[in-house]
Amino acid sequence: MSSAQMPVTRMRRLRRTRALREMVQEHGLTTKDLIWPAFIRDGTGMDEPISSLPGVSRMSLDRLLPAAEKAHALGIPAICLFPYTDQALRTDACEEAWNPENLTNRAIRMLKAEFPELMVMTDIALDPYNANGHDGLVVNGEILNDETVEALVKMGLAQAEAGADILGPSDMMDGRIGALRMALEAQGHKHVAILSYAAKFASAFYGPFRDAVGASGRLVGDKATYQINPANREEALRCVARDLDEGADMVMVKPGMPYLDICRAVKDQFGQPTFAYQVSGEYAMLMAAAQNGWLDGDKAMIESLMAFKRAGCDGVLTYFAPRVAQMLTQ
Ligand code: PBG
């Protein structure tokens with residue numbers, strides 16, 4: 001690094017014109033960096049707004065189709081599905097999670113039939129199917145680990161069977177990546193990729209998401225016995241190392257903006273495909289401020305996403321994906 005002082009070095013020489021600034025720009029954001037998380041529900045003609053996520057809605061599958069087509073046409077490489085499960089189908093045993101005909105699996109088949117080149121990612125966790133809103137099976141107030149892993153493997157296999165390209169275990173049980181990887185190999189799904197939610201923190205920023213999938217009213221207590229304590233960096237890195245050892249192809253840090261230090265550390269330490277999830281609460285904060293006229297929404301959106309690239313991420317899951325893609329292609 002140069003330590004030359006004024007006037008030999010004047011940093012502003014290269015900031016003088018747009019062309020000069022662009023010549024020395026270190027990082028870039030493209031539509032290829034985006035994964036679009038989309039909420040789905042049953043029914044037809046439904047595009048149900050989620051009040052805590054302005055501009056985001058739960059779509060019935062007939063509405064998902066044109067939305068996915070548009071995203072695909074804009075160059076977004078992947079869509080990640082999150083189901084709003086019918087309240088009557090939420091049980092303590094979560095059987096709906098591995099029903100081959102559940103909403104997610106029907107959506108996967110529909111999308112793969114229509115747009116084979118669009119990558120379909122799924123979430124693996126029991127919360128959208130659980131009577132008590134937790135990611136794992138709950139017995140006598142305890143979130144069971146190994147029994148949950150068995151359920152998650154069934155869930156993941158059903159998604160792979162339906163044609164999912166990328167599985168995203170977001171549950172934070174121990175041993176799920178290894179169990180899932182072995183099961184995929186054994187069942188003839190050796191090409192299905194795992195993007196592990198490896199460094200997932202017990203965060204308050206998931207609030208609007210829990211509204212979106214209808215889990216907030218049900219959740220008793222919090223997720224602190226399985227998600228990482230937001231104060232812990234070393235533990236997050238150990239979780240990433242473990243998931244990579246067990247067979248994750250890509251890893252994720254979640255939430256995103258308050259955890260950019262973790263993104264950078266993961267990229268530097270492991271050099272593996274690294275993603276961040278700009279979660280619902282981050283989106284909600286930016287949208288709320290923009291709607292109040294307190295900041296320029298589009299500029300803040302682009303800046304927030306560029307920060308992930310600077311922090312070493314290869315891509316970002318963001319509810320802004322369709323809007324950014326539109327802006328970037330204009
Ligand atoms: C489910 C899951 C959550 C999110 C993604 N998958 C919620 C949670 O862990 O409570 C949050 C995503 C967001 O807030 O946008 N396990």
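Side-chain atoms are counted along with the backbone in the values below, which use heavy atoms only and exclude waters and symmetry mates. Ligands are counted one by one from 1 in listed order, and the atoms in each one are counted from 1 as well.
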Tell me the residues surrounding ligand 1, counting only those with a heavy atom closer than 4.0 angstrom, sorted by chain and number.
Phe82, Asp123, Ala125, Asp127, Asp135, Ser170, Lys200, Phe205, Tyr206, Phe209, Arg210, Lys223, Gln227, Lys254, Tyr277, Val279, Ser280, Tyr319
Please tabulate, for the side chains in residues 64-76, all donor-acceptor contacts under 3.5 angstrom to protein atoms that are two or more places apart in sequence or on a different chain.
none

When rounded to the nearest 0.5 Å, the distance separating OG1 of Thr31 from CD of Gln326 is 11.5 Å
Between CG on residue Asp135 and CZ on residue Arg176, distance to nearest 0.5 Å:
10.0 Å
Can Lys254 be said to sit on top of Phe275's aromatic six-ring, NZ or CZ under 6.0 Å from centre and within 45° of the ring axis?
no
Do Lys200's NZ or CZ and the ring of Tyr206 fall within the cation-pi criteria of under 6.0 Å and 45°?
yes
With respect to Phe201, which candidate in Tyr226, Tyr259, Tyr277 satisfies the ring-ring contact (aromatic ring centres under 6.0 Å, His included) definition?
Tyr259
